[in-house]
Every structure is written in C-alpha cells, then in structure tokens.
Undergrad: 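My questions will all concern the structure given below.
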Amino acid sequence: MVNSQIQTENSQQQILIGKIQAIFFENSDNFYKVLQVKLLEADFTWPEEEIVVTGNFANLSEGEKYRFFGHLFEHPRYGKQFQAENYQTELPTQTTEIVNYLAGENFPGIGQKTAERIVKVFGTATLTKLQQDPASLSQLGLSKKQRQTLIDNLTNTGDQQQAVIELNRFGFGSQLTARIYEHFQKETLAVLHHQPYRLAFEINGIGFKRADRIAEQQQIAADDPQRLQAALYQSVYDLCHNTGDTYTSAPSVMQQAMDLLLRSRRVTLSEKQVADQLVTLAADGKIVVEKRRIYLRHYYEAEWKIAEQIKTLLQRPVKLPEKKVQAIDKLLTEIALQLKITYGAEQLQAIKTALKNRLLLITGGPGTGKTTIINGIVALFAAVHDLSLDANDYQTDEFPIVLAAPTGRAAKKMSETTGLPAVTIHRLLGLNGSDGQDNYQANENLTLASQLLIVDEMSMVDTSLFERLLAAVPTSMQLILVGDQDQLPSVGPGQVFADLLACEKLPQIRLEKIYRQKQSSTIISLAHAIKKGILPADFTKNQFDRSFIACSEHQVESAISQIILYAQKKKLNLNDVQVLAPMYRGQAGIDHLNVILQNLVNPKGTKTKELVANQQSFRIGDKVLHLVNSPENNVFNGDIGQIVGINLAQDNPQKPDQVIIDFDGNEVTYLRKDLTKIKLAYCVSIHKAQGSEFKLVILPLVNMFHRMLNRNLLYTAITRAKKMLILLGQKEAFQTAVDHVSVNRKTSLLERLSQALRVKQSQQSISLSQSSINHGQTSINEETTKYILTSQLIANEEIDPLIGMNGLKPIDFKHKN
DNA sequence: TTTTGTCT
C-alpha cells in the first residue's frame with residue numbers, strides 16, 4: 001500500500017527488479033547497505049548484467065529477488081549506481097518458486113515436503129494469504145514451532161521493511177532510521193502515523209519541529225492536543241537546558257511554546273487553548289508544578305531522589321574498629337614516607353575525615369592538592385582495610401575502590417595520577433545515552449559492588465547523572481566527591497556540587513592553602529579576588545607573572561601575534577603557550593585566531609604537506625585538539641596533540657590519506673573520515689581547556705563576548721595558567737565577567753536536602769502526612785478539585801503546590817536499598 | 001545567545 005502510494009506520488013522514480021548477488025557493504029549501526037544486484041528487469045537502459053544498488057534496507061537476503069524504486073546516480077568515486085529510496089520483496093509467484101522459497105534458509109524447520117503441502121492448499125496466493133491471515137495456518141496440521149517460524153518471517157520482515165521505507169520517505173537518514181526502529185519496533189508505523197510527537201519525546205535528536213512536519217503530513221491539526229502538549233513539553237525542556245535551571249516558570253513556558261507553535265506552522269492559537277494543555281500535562285504527570293515552578297517530572301524526581309539517597313547514606317555511619325582508628329595516624333605517617341610526601345594539616349584532616357565518613361565533599365582550587373589527597377585516601381583506605389591495590393589480585397572479585405569522573409579526560413588524568421583504573425561515570429553505570437529526553441530509568445537496578453567510590457571533577461556532574469550515580473551506590477559504600485566549585489558548571493541542568501556544598505549538614509572540606517605555586521604568585525591572588533567578585537586595582541598593572549594589554553576587538557589578532565613572535569624569539573616552547581577564548585565567532589573568536597596563528601607559527605610553504613578537511617587545513621607541525629573520546633587510542637575529548645606526519649593518497653595511491661598525531665608520546669593515525677574529530681588548537685575554548693594547565697596562558701576578552709562572560713569562566717581561564725598570564729582586550733569585558741555570577745542556576749536541590757535532612761526518621765511519616773504534600777487517598781477528590789491547575793491560575797501565576805503529583809510523597813523517591 | 005558532556 002505504501003509502495004503504490006509512493007509510485008504515484010513520484011512519477012520520475014525509476015524501477016529495477018533484480019536478484020541480490022552480494023552485499024558489498026553493510027553498516028552494522030544502521031540500515032545502510034551497498035548491494036550487487038543481478039538485473040532482471042528495469043524501466044531504464046543499463047548496458048551490463050549487474051548493477052550496484054545503495055540505500056537503507058532492513059532484512060535482505062542474498063539470492064532473493066527484490067523490486068527497488070529510486071534513481072540512477074553518478075557517485076564521484078564509485079561511478080554510476082542505483083540509489084534506492086524504497087523497495088519491496090519481489091515475492092515468488094509461481095508455485096515451484098514459492099515451494100523453494102519456503103523450503104529455503106529463511107524458514108528453518110520447514111522442509112521441501114511441508115512447503116509443498118502448504119502451497120497445495122493456498123496455491124499462488126500462498127504468501128499474501130499467510131501474511132494477511134496467519135490464522136489460516138492452523139488448518140494445515142503444522143507444529144507450533146513451524147507455524148511461528150512462518151508467521152515471524154513473513155510478517156516481521158514486512159513490518160520492519162515497511163517501517164524503514166516509511167522512515168526513508170520522511171527523510172530520516174540511516175542512523176536515525178535504525179534508532180527509531182530499534183526504539184519502537186513493531187509500533188514504528190503506528191507511531192509515525194498516529195502519534196508522531198512521540199518521536200520528539202522519545203528519540204534523542206528529534207525535536208518538536210521535525211515531529212511536527214510529520215504530523216502535518218498526517219493531517220494532524222494545528223490545535224490538536226498532542227501537538228500543543230509536545231510543544232509545551234519541548235519548551236520546558238529547552239528552557240531548562242538552555243539556562244541550566246532544573247525548573248522554569250509558567251510565563252516563560254507559555255511564551256516559548258506559543259513561539260515554537262507559530263514558527264512551526266503559521267496558524268494562530270489562543271493562549272487559553274495552549275494553557276489548557278499545560279494543565280493536562282501536569283495532570284498526566286509529565287511535568288510537575290510546584291510553588292510557581294514548572295519542572296520536567298524527571299528533574300523534579302531526581303532532586304528528591306538525590307536528597308533522599310543522601311539522607312539514607314548519612315543514616316548509616318561508618319563503623320571502624322577502635323583499633324584501626326588508633327592506627328590511622330601511624331599508617332598515615334608510613335604512607336607519607338612511602339609516597340615521599342609531606343602532607344599539610346588541611347590535607348591530613350581531609351584524608352582522615354574521608355575515612356571516617358559515609359559521604360565527604362572536598363572542594364578546592366588548582367594547586368590545593370586535591371590529587372595528593374585522593375592518593376592519600378586510596379592508600380589509607382587500603383591500609384586500614386587490608387586491601388591490595390594490585391589489580392591482579394582481583395581477577396574474579398570487584399576492585400574495592402572505584403575512581404570515576406564525568407568526562408573521559410578527567411578519568412584518564414585520575415588514572416594517571418593514582419596508578420589505578422578510573423572510568424567515566426557513564427561507563428561505570430552502563431549508560432548508553434541513546435534514547436529520548438528522559439532515559440533515566442535505564443539501569444535502575446544496578447548496584448555498585450565496591451567499598452569506596454571517589455568522584456573527581458564533581459562540578460561537571462549534572463542533576464540527572466548524579467541521581468543515576470546515587471541510585472547505584474549502596475549504603476555500605478563510602479562516597480568521596482571532589483571538585484572545584486568555582487569552575488564552569490555542568491552541561492546539563494543543575495549545579496549539584498555547589499548545592500551540596502551549600503548544604504551545611506553535609507560533611508565537607510574546603511581546601512584553601514595552595515601548595516603547587518609559590519604563595520607570591522599574583523595569578524592565584526587574582527583568581528581569589530575574582531572568586532570574591534573583585535577586579536583588583538592592580539589588575540592592569542604589570543606583575544612579574546602577569547600583564548594586561550588594552551586593545552580593541554580588531555587589535556586582538558595583531559597583539560596576540562606579537563606576543564607569540566616575542567615568545568618564539570625568547571625560545572619559549574610554543575606547546576607551553578596557549579591562547580584561550582570564550583567563543584568561536586568573531587574577530588577575536590577562536591576560529592579566526594586559529595587561522596591567524598596557524599599562518600604565523602606554521603605557514604604553508606611550497607613543499608608543505610597539507611590536508612584540507614571541514615574548511616580547515618592541517619599541516620605537519622600543527623597543534624590540534626581532539627574532540628571526542630577514543631578510549632581505544634587512549635585519546636580523550638580535550639586532549640591536545642601535534643601533527644607529526646601526513647600521507648597523501650595522491651603521492652602514494654596504494655594508501656589512503658592519513659594524518660599522524662602525537663599526543664604526548666602516543667601516536668595515533670587518523671584517516672580522512674576521522675578528521676571531524678580534530679580542530680586546530682592554537683586557540684581553544686575556555687570550556688575545552690577546563691582540566692588542562694599551561695605555562696603561559698593568553699586570554700583575550702572583549703565586549704563582543706558579553707553573553708558568555710561570567711565569573712566562573714574568567715576564574716577557569718586564568719587558573720589554567722601555571723607560570724604566566726597575559727590578559728588582553730577591553731577592561732570593561734573583564735569587569736563584566738567578574739560582575740556576572742554564574743553558578744546561580746535555579747534549582748531546588750538545596751531545599752530538598754534541607755527538607756530531607758531536617759526531618760527525623762521517626763517523625764517523618766507523621767509530619768509529611770500533615771503537610772500539604774500528602775493528599776490522602778480518601779480526600780483525593782476534594783483535594784484535587786481545590787488544587788486543579790487552570791489556565792487562569794497560569795495567567796495569574798497563582799499555582800498551588802504539587803499539582804500533577806498524583807499523590808506522590810517525597811518518601812516515594814527514596815531508593816530501595 | 002553561547003558553550004559544554006556521555007554511550008553503542
């Protein structure tokens with residue numbers, strides 16, 4: 001049915017019937033395939049017996065006949081081929097063919113005799129009959145298994161095939177097609193036709209607009225409730241993800257949703273219509289409205305779950321035998337001797353506290369010895385509990401200490417500094433980040449088995465990830481969270497680490513003393529001042545380790561060029577010099593500076609080998625940044641390397657284009673297709689530089705960056721400098737950055753923590769049932785009428801607490817341990 | 001209006 005529709009819709013489409021001889025190429029991640037087909041019939045002329053067919057195909061079998069719909073196409077590299085947009089099995093029509101087909105490898109358990117018996121009954125219509133009316137099989141006296149085989153293969157193939165065809169028709173590429181089918185399976189077609197907005201809710205990478213285009217083709221009206229709800233939900237999601245807040249407000253959502261709806265289809269809708277659907281969304285529990293705050297249900301629950309889980313952890317104190325407690329000081333002295341370290345008072349206290357507490361937060365800026373402390377905690381923990389730190393001793397058992405971080409690079413660094421294995425939190429939890437906007441339920445039953453978990457770079461952990469991490473932490477585990485609360489906040493909504501630290505009831509240690517740099521470093525004192533919101537008076541005055549150059553946005557490139565030339569003259573290793581900027585666009589932006597600096601430091605000579613990809617040229621000697629995690633090569637997002645070799649296919653046709661990059665002694669080969677993973681790195685974004693340090697940092701800030709400028713960004717940038725810091729640009733821009741507090745995202749975590757930790761266990765159920773939170777079962781009707789969220793209330797911003805909670809109580813968010 | 005993370 002679908003097929004005939006397409007044929008009439010697209011009269012220019014060409015048709016080809018052929019038998020698959022070989023599947024040349026098959027991408028296991030998606031449905032894309034390249035086939036060699038023996039041509040049987042076609043509505044165009046083709047000089048040869050065989051033809052190459054490409055496209056997205058579900059199940060295909062070699063040796064089978066198919067009908068392809070598509071176009072002839074001239075591929076620049078592989079020549080003329082047939083691009084199929086659509087296809088169907090060319091089912092055998094003659095009885096002998098059908099018998100062979102059924103007796104063939106597609107139908108295990110059906111032999112020649114059985115096949116003959118089936119065809120005898122249904123004749124040439126056998127296959128369509130079985131597809132349309134599988135029940136008719138029961139009259140043939142086949143075994144249950146045989147019947148199932150026939151049904152599965154005939155109908156399943158059809159489902160998947162039709163879904164793939166339909167998805168192609170809506171313009172989905174092979175990646176998305178595979179993901180969508182994997183998610184909805186047999187439901188795919190029904191979802192596409194009747195609930196297209198589910199694509200936006202459930203598939204990562206599909207937003208409201210794309211779903212709306214499909215809906216429009218399905219004649220779903222512009223004021224259809226599912227359309228309005230999808231736009232509202234998307235708006236709450238977008239607002240939270242753009243701001244980093246875990247909730248938003250009704251006026252913001254309404255404005256954003258009205259906008260989105262109007263931009264997607266030019267149909268005017270009334271505010272009332274849309275507001276009514278916001279009420280429905282809340283009533284259905286997809287969003288939660290509380291005290292004028294609108295949450296995605298996921299974030300609402302996550303904040304409660306975090307608070308409840310932390311409370312549960314704190315209720316189980318660590319019990320160390322008295323003998324061990326007395327031995328701690330002695331053991332620490334031994335460890336210090338062994339590691340050849342002299343611990344400061346602050347550090348000793350941090351290590352000892354870590355051992356005695358179920359949960360401990362440790363925050364400190366660069367150079368305050370966080371790494372030293374992590375090493376100390378690991379060593380002391382192992383000594384006190386008589387644990388071996390040799391991975392070989394744990395062939396079958398779980399390693400007792402787990403080190404994890406939110407980014408690949410932070411995990412790699414952790415592993416390097418401790419000598420122990422460290423992983424990303426995602427990998428630890430088995431998160432595969434695949435589907436949808438709230439996939440938090442994945443792996444909910446996972447429980448980690450080790451005794452101690454240390455998480456580094458906590459400032460980059462968002463609400464969602466932390467909730468999932470805590471869900472996997474048993475109360476028998478000790479948890480140490482380490483980070484620098486003044487660095488850039490997490491990508492996703494929330495400011496978990498800052499909120500946790502703000503909760504005074506949580507055991508925490510703030511490291512102030514700087515060990516690494518000399519106390520006289522004026523970079524550090526500048527960082528401290530910025531942290532407090534002050535741009536010191538001596539800011540523009542040159543110091544022995546930093547300086548300021550006033551210049552306009554347009555002068556930035558020449559100023560930086562002069563600094564670099566000077567550094568070169570002074571025989572400074574340019575790998576120790578790093579330019580950092582907040583954004584890519586503009587005259588003083590990263591992209592422009594990279595081109596300028598590349599041509600300055602590594603100009604193209606007549607013989608320079610160069611490879612151009614993604615509008616960038618890569619030359620031997622170039623400094624480059626790796627943009628994704630490639631654990632198989634031990635290279636991670638944010639790693640900086642240098643191009644040490646380029647092989648061009650034009651010089652040596654036997655070999656493909658290759659770029660060899662040296663990452664601190666680790667040489668990795670990139671093919672042309674891998675070049676999307678790298679970028680020039682003469683200048684990198686401050687975000688990307690988080691977690692790295694450089695001897696000399698050059699930081700241009702101009703007013704044009706004003707939207708990006710904030711305190712954490714400036715703090716992060718200048719604390720990347722180990723020895724020297726050169727600031728340039730407009731003084732005003734630096735002032736803007738200092739004035740703009742960044743970690744003030746709107747979240748409820750601190751409130752939840754206070755609530756959860758305030759109530760004593762024994763009183764909890766009583767006090768909660770008395771509060772407005774709990775609508776008891778008996779009074780629910782009366783209560784809900786009182787609490788009904790109306791569009792009027794939205795307009796007046798008079799929303800009562802906890803509408804849409806459906807009687808959920810905080811205690812319901814408690815993890816089962 | 002801009003930057004940023006993870007996985008198969």
Side-chain angles (χ1 to χ4, degrees), chain A residues 27-30 174-176 178-179 181-183 203-205 238-244 256 259 404-412 422-440 442-443 446 455-469 483 487-497 580-586 588-591 625-632 636-639 677 679 683-692 701-714 716-717 733 736-737 740 742-743 745:
Chain A
N27 187 333
S28 53
D29 296 337
N30 55 49
S174 37
Q175 297 278 12
L176 268 180
R179 288 232 315 272
Y181 187 78
E182 196 175 318
H183 184 80
I203 304 291
N204 217 348
D238 289 347
L239 285 165
C240 290
H241 282 256
N242 289 338
T243 56
Q256 177 102 351
D259 230 55
T407 68
R409 219 155 72 85
K412 176 187 172 189
V423 290
T424 61
I425 297 173
H426 300 79
R427 206 167 269 239
L428 182 68
L429 301 178
L431 301 176
N432 55 30
S434 55
D435 293 330
Q437 300 185 330
D438 33 17
N439 58 344
Y440 59 101
N443 267 290
L446 178 89
V455 180
D456 198 3
E457 296 287 5
M458 257 306 285
S459 62
M460 291 195 256
V461 175
D462 65 31
T463 304
S464 197
L465 186 62
F466 193 57
E467 184 273 315
R468 288 183 231 184
L469 179 66
Q487 291 212 27
L488 296 165
S490 59
V491 173
Q495 46 181 12
V496 176
F497 198 48
L580 303 178
M583 58 191 249
Y584 289 93
R585 254 177 351 103
I590 298 160
D591 288 334
L625 177 74
H626 187 85
L627 300 167
V628 296
N629 284 345
S630 309
E632 69 282 3
F636 294 87
N637 188 350
D639 280 350
K677 296 176 190 162
K679 230 177 195 317
C683 178
V684 305
S685 72
I686 296 168
H687 281 85
K688 287 280 184 200
Q690 170 148 283
S692 302
L701 287 194
V702 294
N703 294 330
M704 186 249 164
F705 297 151
H706 73 276
R707 284 201 177 269
M708 285 295 299
L709 299 176
N710 63 57
R711 208 178 283 176
N712 283 37
L713 188 87
L714 179 56
T716 305
T736 310
H740 190 197
S742 34
V743 186
R745 294 179 167 185

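Letters go in sequence order (proteins before strands), and every chain restarts at 1.
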Undergrad: I want to verify a distance call: between B:dT6, B:dT3, B:dT8, whose nearest atom is closest to the A:His687 side chain?
TA: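 Among B:dT6, B:dT3, B:dT8, the one nearest the side chain of A:His687 is B:dT3.
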
Undergrad: In this structure, how many angstroms lie between the P atom of B:dT6 and the CZ atom of A:Arg468, rounded?
TA: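 That distance rounds to 14 Å.
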
Undergrad: Under 4.0 Å between any heavy atoms, over every strand shown, what does A:Phe705 touch: base, sugar-phosphate, or nothing? Just pick one.
TA: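 No contact.
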
Undergrad: Are the side chain of A:Gln690 and the backbone N or O of A:Gln487 linked by a donor-acceptor pair below 3.5 Å?
TA: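 No, A:Gln690 side chain to A:Gln487 backbone: no donor-acceptor pair under 3.5 Å.
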
Undergrad: Any side-chain N or O of A:Ser685 less than 4.0 Å from the OP1 or OP2 oxygen of B:dT4?
TA: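 True: A:Ser685 side-chain N/O within range (under 4.0 Å) of B:dT4 OP1/OP2.
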
Undergrad: Show the nearest heavy-atom pair for residues A:Ile590 and A:Pro582, with the distance to one decimal.
TA: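 Reported closest heavy-atom pair: CD1-C, 4.4 Å.
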
Undergrad: What is the distance, to the nearest angstrom, from the NE2 atom on A:His183 to the C1' atom on B:dT8?
TA: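 Those two atoms, NE2 and C1', are 16 Å apart.
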
Undergrad: Please tell me which of the listed nucleotides, B:dT6, B:dG5, B:dT3, lies nearest to the side chain of A:Lys688?
TA: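 That would be B:dG5.
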
Undergrad: Pair A:Lys688, A:Leu580 - check side-chain contact (heavy atoms from CB on, under 4.5 Å), show working.
TA: CA-CA 9 Å; A:Lys688 287 280 184 200; A:Leu580 303 178; over 6 Å; no

Undergrad: Using whole Å, report how far CG of A:Asn242 lies from C1' of B:dG5.
TA: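 It is 15 Å, rounded to the nearest whole Å.
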
Undergrad: Looking at A:Asn629, does any N or O in its side chain come under 4.0 Å of the phosphate oxygens OP1/OP2 on B:dC7?
TA: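 A:Asn629 to B:dC7 OP1/OP2: side-chain N or O found under 4.0 Å.
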
Undergrad: Of the options A:Asp639, A:Asn629, A:Thr424, A:Asn637, which is the one that meets A:Arg409 in a side-chain contact (heavy atoms from CB on, under 4.5 Å)?
TA: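 With A:Arg409 as partner, A:Asp639, A:Asn629, A:Thr424, A:Asn637 yield a single side-chain contact (heavy atoms from CB on, under 4.5 Å), made by A:Asp639.
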
Undergrad: Side chain of A:Asn637, heavy atoms from C-beta onward: which of B:dT4, B:dT1, B:dT6 has the nearest atom to it?
TA: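 Shortest atom-to-atom distance from the side chain points to B:dT6.
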
Undergrad: Could you check whether A:Asp462 gets within reach of a base, just the sugar-phosphate, or nothing at all, counting any heavy atom under 4.0 Å?
TA: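 Since no nucleic acid heavy atom lies under 4.0 Å of A:Asp462, the category is nothing.
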
Undergrad: Which residue, A:Pro582 or A:Val628, contacts DNA chain B at a nucleotide closer to its 5' end, judged by nearest heavy atom?
TA: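 Looking at the nearest nucleotide for each, A:Pro582 comes out on the 5' side.
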
Undergrad: May I ask you to verify if any side-chain N or O of A:Ser490 is less than 4.0 angstrom from the OP1 or OP2 atom of B:dT4?
TA: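 No, A:Ser490 has no side-chain N/O under 4.0 Å of OP1/OP2 on B:dT4.
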
Undergrad: Give the rounded distance in Å between these two atoms: CZ of A:Arg427 and C1' of B:dG5.
TA: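 Distance check: A:Arg427 CZ to B:dG5 C1' gives 14 Å.
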
Undergrad: Rounded to whole Å, please give me the gap between OH in A:Tyr584 and P in B:dT4.
TA: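 Spelled out: OH on A:Tyr584 to P on B:dT4 is 4 Å.
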
Undergrad: I'd like to know whether A:Val496 forms a side-chain contact (heavy atoms from CB on, under 4.5 Å) with A:Leu465, so could you lay out the CA-CA distance, the side-chain angles of the two residues, the decisive distance to 0.1 Å, and finally the verdict.
TA: CA-CA 10 Å; A:Val496 176; A:Leu465 186 62; over 6 Å; no

Undergrad: So what does A:Gly492 hit on the nucleic acid, given a heavy-atom distance under 4.0 Å: a base, only sugar-phosphate, or nothing?
TA: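 Answer is nothing: A:Gly492 stays at 4.0 Å or more from every strand.
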
Undergrad: From CD of A:Gln487 over to P of B:dG5, roughly how many Å is that when rounded to an integer?
TA: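 Atom CD in A:Gln487 sits about 14 Å away from atom P in B:dG5.
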
Undergrad: Rounded to whole Å, please give me the gap between NZ in A:Lys412 and P in B:dT6.
TA: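 That distance rounds to 13 Å.
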
Undergrad: Atom NZ of A:Lys679 and atom P of B:dT3: how far apart are they, to the nearest Å?
TA: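 It is 9 Å, rounded to the nearest whole Å.
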
